Asker: 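Below is one structure. I have some questions about it.
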Amino acid sequence: MDEWKDIKIGYAICGSFCTFRRTIDEMRILAQKGADIYPIMSQNAYSLDTRFGKASDFVDEIEEICGKSVIHTIPQAEPIGPKKLLDVLVISPCTGNTLAKLSCGVTDTAVALAAKAHLRNARPLVIGVSTNDALAAAAKNIGALMNNKNIYFIPMSQDDPVKKPNSVVVHFDKTPDAIQYALNHTQIQPMYL
């Protein structure tokens with residue numbers, strides 16, 4: 001599609017391993033729409049094998065979709081700001097750990113530094129929350145980030161209110177809409193019931 005052809009999207013993935021399949025599927029959809037995607041992964045997401053799959057398999061698939069190597073180190077992420085590499089940066093899934101880092105200005109991972117580098121250009125950062133403590137310890141960080149300029153959220157909701165009452169997961173299928181809203185400096189409805 002022409003509307004996505006010239007959009008440079010940084011797409012960062014953190015260690016909510018159970019959501020990798022859904023976020024990679026969204027990455028593929030954006031690539032099929034013609035977006036130019038720069039993949040970024042936290043060191044844990046890039047290197048840890050889990051019951052949800054082998055890290056190398058995820059990396060290979062992501063690199064095939066994007067046609068680029070995954071940015072996974074701080075030195076690789078640093079040029080994002082000075083080169084004004086991206087129109088928009090998506091972090092999805094964004095874990096409670098990364099939410100805390102972003103909220104407090106900690107940049108000790110490739111994803112956190114990519115966000116800092118990108119935000120220095122006053123360009124939109126789009127966050128897809130996926131954490132078991134979103135309505136507990138991470139709630140203050142979500143609230144603080146929602147109040148920051150140029151930070152937007154993909155719609156999210158509780159994934160299991162009975163068994164995991166504090167857990168929230170992003171609505172991955174709303175990623176393209178959230179990006180379009182953010183590029184227009186508007187927040188799509190962030191919370192779903």
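Throughout, numbering of the chain's residues begins at 1 and tracks the sequence. Bear in mind that the values here come from a model prediction, so they are computed numbers and not experimental data.
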Asker: What residue among Val170, Ile154, Leu99 forms side-chain contact (heavy atoms from CB on, under 4.5 Å) with Ile127?
Answerer: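 Single pass found, and it is Leu99.
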Asker: Using modelled atom types and a 3.5 Å cut-off, is there a donor and acceptor pairing between side-chain atoms of Gln189 and backbone atoms of Met191?
Answerer: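 Indeed, once roles are kept as given, a pair shorter than 3.5 Å links the two residues.
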Asker: Rounded to the nearest 0.5 Å, what's the gap from CD1 on Ile13 to CG on Asn44? Could you check?
Answerer: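 Rounded to the nearest 0.5 Å, the CD1-CG separation comes out at 13.5 Å.
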Asker: So, do Glu26 and Pro176 sit near enough that their side-chain heavy atoms are less than 4.5 Å apart?
Answerer: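 Counting from C-beta outward, Glu26 and Pro176 do come under 4.5 Å.
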Asker: Drop me the distance from Ile179's CD1 to Lys174's NZ, to the nearest 0.5 angstrom.
Answerer: 13.5 Å
Asker: Quick one: does Cys66's side chain get under 4.5 Å of Pro39's, heavy atoms only?
Answerer: yes
Asker: Within the 3.5 Å criterion, strictly below it, is a donor on Tyr11 or Thr23 matched to an acceptor on the partner's side chain?
Answerer: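 Present: a donor and an acceptor within the cut-off.
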Asker: When clusters are formed by joining ILVMFWY residues with side-chain heavy atoms under 4.5 Å apart, either directly or through shared neighbours, do Met146 and Tyr181 land in the same one?
Answerer: no
Asker: Search all heavy atoms of Asp133 against all heavy atoms of Gly96 and return the closest pair with its distance.
Answerer: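 Smallest interatomic distance, heavy atoms only, reads OD1-CA, 4.2 Å.
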Asker: Any side-chain heavy atom of Ile80 sitting closer than 4.5 Å to one from Tyr38?
Answerer: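 Counting from C-beta outward, Ile80 and Tyr38 never come under 4.5 Å.
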Asker: Hydrophobic cluster membership, with links at side-chain heavy-atom distances under 4.5 Å among I/L/V/M/F/W/Y: are Leu125 and Val129 in one?
Answerer: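 Cluster IDs for Leu125 and Val129 match.
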Asker: Which heavy-atom pair separates Asn121 from Gly81 by the least distance, and what is that distance?
Answerer: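 Heavy atoms of Asn121 and Gly81 come nearest at ND2-O, 3.0 Å.
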Asker: Does a side-chain N-to-carboxylate-O contact under 4.0 Å join Asp36 and Lys68?
Answerer: yes
Asker: Provide the closest heavy-atom pair for Val111 versus Ser42 in the form atom of the first, atom of the second, distance.
Answerer: CG2-N, 3.4 Å
Asker: What distance separates Cys18 SG from Arg51 CZ, expressed to the nearest 0.5 Å?
Answerer: 7.5 Å
Asker: Could you pull out the closest heavy-atom pair between Thr109 and Lys101, with the gap in Å?
Answerer: CG2-CE, 4.0 Å
Asker: Distance from Asn97 atom CG to Thr131 atom OG1, nearest 0.5 Å?
Answerer: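 Asn97 atom CG to Thr131 atom OG1 measures 9.0 Å (nearest 0.5 Å).
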Asker: Taking all non-hydrogen atoms of both residues, which atom of Pro124 and which atom of Tyr152 are closest, and how far apart?
Answerer: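 It is CB-CE1, 3.7 Å.
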Asker: Apply side-chain contact (heavy atoms from CB on, under 4.5 Å) to the pair Met156 and Ile142, showing each step before the final yes or no.
Answerer: CA-CA 11 Å; Met156 60 187 136; Ile142 293 169; 4.3 Å; yes
Asker: Are Met41 and Ile62 packed together at the side-chain level, in the sense that at least one heavy-atom pair is separated by less than 4.5 angstrom?
Answerer: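 Yes; the side chains approach each other to less than 4.5 Å.
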Asker: Check whether any side-chain N or O of Ser167 sits under 3.5 Å from a backbone N or O of Lys164 as a donor-acceptor pair, and report yes or no.
Answerer: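 No.
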Asker: Within the distance-only criterion (no hydrogens, no angle test), does the side chain of Asn166 pair as donor or acceptor with the backbone N or O of Asn132 below 3.5 angstrom?
Answerer: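 Checking the backbone N and O of Asn132 against the side chain of Asn166, no donor-acceptor pair under 3.5 Å is found.
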Asker: Heavy atoms, side chains only, cut-off 4.5 Å: are Cys14 and Ile91 in contact?
Answerer: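 Cys14 reaches Ile91 side chain to side chain.
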Asker: Do the non-hydrogen side-chain atoms of Leu89 and Val126 ever get within less than 4.5 Å of each other?
Answerer: no
Asker: Go through the steps to decide whether Val90 and Ile9 satisfy the test side-chain contact (heavy atoms from CB on, under 4.5 Å), and finish with yes or no.
Answerer: CA-CA 7 Å; Val90 176; Ile9 301 174; 4.1 Å; yes
Asker: Does Met27 reach the side chain of Ile37, with side-chain heavy atoms less than 4.5 Å apart?
Answerer: yes
Asker: With a 4.0 Å cut-off, would you call Lys83 and Glu78 a salt bridge?
Answerer: no
Asker: What's the verdict on side-chain contact (heavy atoms from CB on, under 4.5 Å) for Val168 and Leu135, showing C-alpha distance, side-chain angles and the deciding distance?
Answerer: CA-CA 7 Å; Val168 165; Leu135 300 178; 3.9 Å; yes
Asker: Look up atom NE2 in His185 and atom CZ in Arg123, then write down how far apart they are to the nearest 0.5 Å.
Answerer: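 Taking NE2 in His185 and CZ in Arg123, the distance rounds to 10.0 Å.
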Asker: Tell me whether the count of non-hydrogen atoms from other residues, nucleotides or ligands lying under 6.0 Å of CZ in Phe172 goes above 12.
Answerer: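 It does: Phe172 CZ has more than 12 such atoms within range.
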Asker: Would a hydrophobic clustering, with Ile, Leu, Val, Met, Phe, Trp and Tyr connected at side-chain separations under 4.5 Å, put Ile24 with Trp4?
Answerer: yes
Asker: Do the side chains of Phe153 and Gln187 get nearer than 4.5 Å, heavy atoms only?
Answerer: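 Sidechains of Phe153 and Gln187: in contact.
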Asker: According to a 4.5 Å side-chain heavy-atom criterion applied to Ile, Leu, Val, Met, Phe, Trp and Tyr, with indirect links allowed, do Ile29 and Ile65 form part of one hydrophobic cluster?
Answerer: no
Asker: Do Gln76 side-chain atoms and Thr73 backbone N/O form a donor-acceptor pair below 3.5 Å?
Answerer: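 It does hold such a pair.
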Asker: Has the side chain of Asp57 got a donor or acceptor atom that lies under 3.5 Å from a matching backbone atom of Gly53?
Answerer: no
Asker: Can you measure from OG (Ser56) to OH (Tyr46) and round to the nearest 0.5 angstrom?
Answerer: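 These two atoms lie 9.5 Å from each other.
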Asker: Given the rule in the side-chain contact (heavy atoms from CB on, under 4.5 Å) test, do Leu119 and Lys149 qualify, once you have shown the distances and angles that lead to the verdict?
Answerer: CA-CA 9 Å; Leu119 284 169; Lys149 190 174 183 179; over 6 Å; no
Asker: Any idea which heavy atoms bring Leu102 and Ala112 closest together, and the distance?
Answerer: CD2-CA, 4.3 Å
Asker: Consider only side-chain heavy atoms of I, L, V, M, F, W and Y, link residues closer than 4.5 Å, and tell whether Ile40 and Leu145 are in one cluster.
Answerer: yes
